[in-house]
Every structure is written in structure tokens, then in C-alpha cells.
Amino acid sequence: MSPAIVLPPQVLDCMNALEDRGFAAYAVGGCVRDALRGAVPQDYDLCTAASPEAMKAIFAGRGLVLAGEKHGTVGVVTADGVVEITAFRAEAAYSDHRHPDSVRFVADPSADLARRDFTVNAMAYSPRRGLLDPFGGREDLEHKRLRAVGDPAARFQEDALRILRGVRFSASLGLEPEEKTLSAMLALRGLLDALARERVFQELDRALPALGLEDLLRFGPILAAVIPELEATFDFDQRSPHHAYSLYEHIARVTAALPGDPALRWAGLLHDTGKPPAFRADENGRGHFPGHAALGAQIAEGVLTRLRAPAALRERVCLLIREHMTPLPPDKKILRRRLGRFGEEAVRQLLALQRADFAGKGTPEARDLSAFDAVEALLRQIEGEDRCFTLKDLRINGNDLISLGFSPGPGLGRTLDALLNLVQDEALENSRGALLAQAEKMRPKEECPWPKS
Ligand code: ATP
Ligand code: MG
């Protein structure tokens, strides 16, 4: 029985315009998959028997986006965004493991579905024509299976990006990769080297927030194929009574336990990459990792630069890794300093990373996370108070000090820092009166511009 998939009016409108001129038209790919699993599709792609030329004639009165015309795609501007319509097409050989050498337009929608990556993505639907599902995508979706369309090895050889898409769809849709699909993904991971690094980053960045522990373990070798810096963490025995797991399993547990915030997930994945190079065994054979946080930050910087990650993400991830051993104790004074130094968002992320890192040790004592709850409660309390974390929050500024008789220069900056510390330590109220009175006491005598009476 055909499912009742509800398509939005602007999509139906485009489909009807094509059908009225005798061209079959379907919604296809991700939107059909998402509608069938009861999720709201992010966008709707259509496919049709009409050629790009025919589409341009049919939608002549509308705004058109023709950037993808060569590949058979015409974008129709509607009140609810652009609907992308692609002519049914089949693809010739792929010699660069990413792009087909040529495409040709075909009349058979099943041929179009055959070029798609996974069965769950290879379904088309039209209210008039029903569900087109030649590869059993609906059943795979119901049984939570990830299966390549056709011969998995051939499909990943054509386009290696599909391996990373497979990781993403498996994790985000909770699909278990079918055996042949999984073994081809793993066996052909070396082809990922040929991909543009931006594309690798985009896929990984989308996959990471969804990865659970099992995904991280199962797909570890694929992640290491694009991040070779992870390789040394596999089967790495930390030789520490504080750690129950090997290093990569610890990394996987930490990453999986983190909220789905990409910066945090990247930090989790890379936070201990500094451990193998920092490893020192003491006289009892126990492992120590001096400086591994700073080393890990350097390694992460290299990874994210190579993958062309946005600078803001790279900087945040490096900060989190560099500081992941910096204590966040249940002490308001110290927390205020940390908030001033790193910013509120980074302190929250750091706490989340440290919590996951601690729990990920896997030892009996690592079950008690109450210390992290206490710091979290204190952070909430501080945020509810009259906050004063940085010089910007101080109720006076450099000009006020100059009016008091201070000379501009480094001494003035030091005085402001000292005042901020006093306020953070609750030794001084953050009010103009109290700050000016304290500053007056701190004014160097020789800076007094007028003779004292
Ligand atoms: P989402 O948009 O949620 O990431 P999606 O399935 O819509 O998922 P898109 O990248 O928008 O993914 O691609 C739309 C459709 O095009 C897919 O559903 C799939 O059928 C096909 N497709 C996309 N990329 C590939 C690829 N690399 N190889 C084969 N088919 C692909
Ligand atoms: Mg999509």
C-alpha cells in the first residue's frame, strides 16, 4: 500500500505543472525518506521525465535558478523557497572517485533511483503515481538497515564520499549497516584521501554530533582514514589505574557522551590525540602524559586546518583541548576568573568535556559525577548574580582613572586588572563609588599632577 505522504503546496504545484504537460514528476531522496520515518523533511527535491529545456519552458514565468542546469537541475523560485527539479538521469563511469565522467538524461525513473547511494535515499513518491521503491528502501527504513544501492564496493568506488555519508546516515537515522555495505565502507576507506578536504569536513561535521558509542567504535577506522592522527590511539594501552579502557575506546566514550554541539564533539574526538606522543612510563611501568593537553591542541589545530574548518570552530576546539585539564573547582572566585578568561560559553563547554572525560575513565570512582553537578550549580548561581567577569563588566573604565589623575599607560591597565580581581574575589563592590575610592588609594603618588597641599 502506498503511504500517504503530505507534500507542501509549492512542491505539489511544481509537480502538477510538470504532470499537466505530460511529464512524470516525483518527490525524491531525503524528503521521501524523512516523511516515511515521520520526520519533517528539511527540503524537497523533485525528479522528472522533463528535460531542463522542457522545464525552462514550463516554468518560464517564474524565477529560475539555472546553476545546476548542466547536471539536469532547474531551481524554481516559489514563495517558500527554491524547489530543485532534476531530470531523471543515469551516470557514466567515475574516474575520480567523486564525479561521474558524464550524465545522460533517461526516461525511466528507476534508472535515476539506481544511481543514488543508499536504499533509504533511493525512493520517489508522487500522490498520483504512488511510491517508487525498486530497492526496498522502505523495508530497510522499517528494519533500520543501511544498505547501498546495488554492489556496495562498486558504489563506494564510484564516489568515496558515500562512505562518509553512510557513516552520517547510519548514526543520524540509527541504521545498522548491512554486512556487505559495512565491509565495503571499511575496505575502501583509503579512497577518502582523494576527496576535497572541504567536503570531508562538511560530512564529518554533520556526522559527528550524531555519532553514538557503537558508531564511533565501528567506524573508527573510517574516521582515522581522514584523521590519521587518531591511528595511534587505537589499541593504545594507557597503563594507568585511572583508566579502564584503551585510549580510542576512552575517546569514543567521551565523544558519545557529549551534547551534540559540533565544537564539543570535535574536541571530544581529538582531546587525547596528544597522549601517545606525550607518553612516559615511570619506574613502575605506569603511564603518564605530561603536556598532552597542549600537544593535543596542536594536533587538533593541524587536523582542522588541513580539513579547512572555519577558524572560529578551530579556535574553540583548540581552546577546549588545551584547557581540558585546567581545573574548574567549586569555587566562585576561581570560576569568575575562568569566565573572564575563556568566556561563558567556553567554560560551559569545558565543564561538559571534563565531565565526559571523567566519566569516560570507566573506573568505579568515575561513576560519581556530583563534583561536576556542584560546579554547574555554582555557575548558574554566578550567572544569576551581578556578573563581573571582564574589564568590560567593571563599572569604571580607564577614562575614570585618568580623571582621577592616573597617567595613560600600562600602569593604568594594571590598576584596572587589580580592581577586577578585587571585585571577583568579593573584596570590593562593583559600584562606581567603591571602585573610585579604591582606585584613589591605589594611585601612585608620583603620578599626582597637582601639588598636594
Ligand atoms: P539530508 O539533506 O538530510 O542530508 P539527503 O538524502 O536529502 O539528506 P542530499 O545530499 O540532499 O541528501 O541529497 C539528496 C539525494 O541525492 C539523496 O537522498 C540521494 O538520493 C542522492 N545523493 C546525494 N548525494 C549522493 C551521492 N554522493 N551519491 C549518490 N546519491 C547521492
Ligand atoms: Mg537533502
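Only a predicted model underlies this, so the values are computations on that prediction, with no experimental measurement involved. The first residue of the sequence shown is numbered 1, and numbering continues consecutively from there. Read the numbers this way: they start at 1 and go in the same order the structure lists the ligands and their atoms.
Among all non-hydrogen protein atoms, the one lying nearest atom 2 (O) of ligand 1 is Gln42 OE1, 4.1 Å. When hydrogens are left out, the protein atom nearest atom 7 (O) of ligand 1 is Gly30 CA, 3.4 Å; that is the closest non-hydrogen contact. What sits closest to atom 15 (C) of ligand 1 on the protein, heavy atoms only, is Arg116 NH1, 3.6 Å. Protein heavy atom nearest atom 20 (O) of ligand 1, with residue, atom name and distance: Asn121 O, 2.9 Å. Counting protein heavy atoms only, atom 14 (C) of ligand 1 is closest to Asp45 OD2, 3.8 Å. Counting protein heavy atoms only, atom 30 (N) of ligand 1 is closest to Asp117 N, 3.2 Å. Among protein heavy atoms, atom 3 (O) of ligand 1 sits closest to Arg33 NH2, 3.2 Å.
For ligand 1, the polar-atom distance check against Asp43 finds no nitrogen or oxygen pair separated by under 3.5 Å. Looking at ligand 1, you'll find an N or O of Arg206 within less than 3.5 Å of one of its N or O atoms. Between Arg165 and ligand 1, an N or O atom pair is found at a separation short of 3.5 Å.
Looking at Asp159 against ligand 1, only its side chain comes within 4.0 Å, counting heavy atoms. Within the 4.0 Å heavy-atom criterion, the part of Arg162 lying near ligand 1 is the side chain and not the backbone.
Aromatic ring centres of His271 and His250 lie closer together than 6.0 Å.
A salt bridge does not link Lys180 with Glu178: every distance from a Lys NZ or Arg NE/NH1/NH2 to an Asp or Glu carboxylate oxygen is 4.0 Å or more. Between Arg62 and Asp13 there is a salt bridge, since a side-chain N of the basic residue sits under 4.0 Å from a carboxylate O of the acidic one. By the 4.0 Å N-to-carboxylate-O rule, Arg165 lies close enough to Asp117 to be salt-bridged with it. Looking at Glu176 and Arg218, a side-chain N of the basic residue comes within less than 4.0 Å of a carboxylate O on the acidic one, giving a salt bridge. With respect to Arg253 and Glu249, a salt bridge is recorded, a charged nitrogen being found less than 4.0 Å from a carboxylate O.
Relative orientation of the Phe236 and Phe279 rings is perpendicular, given thresholds of 30° and 60° on the angle between their planes.
Atom numbering of ligand 1 starts at 1 in the shown order; those under 4.0 Å from a heavy atom of Arg168 are 4 (O). Within ligand 1, the atoms closer than 4.0 Å to a non-hydrogen atom of Gly29 are 18 (O), numbered from 1 in the order shown.
Among pairs with a residue in residues 175-205, those fulfilling ring pair (Phe, Tyr, Trp, His ring centres under 6.0 Å) read Phe201-Trp266, at least two apart in sequence or across chains.
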Can you give me every donor-acceptor pair (side chain of residues 288-297, partner residue at least two apart or in another chain, under 3.5 Å) with its distance?
from   : atom 1 : to     : atom 2 : distance (Å)
His288 : NE2    : Asp282 : OD2    : 2.8
His292 : ND1    : Phe289 : O      : 3.2
His292 : NE2    : Asp272 : OD1    : 3.2
His292 : NE2    : His324 : NE2    : 3.2

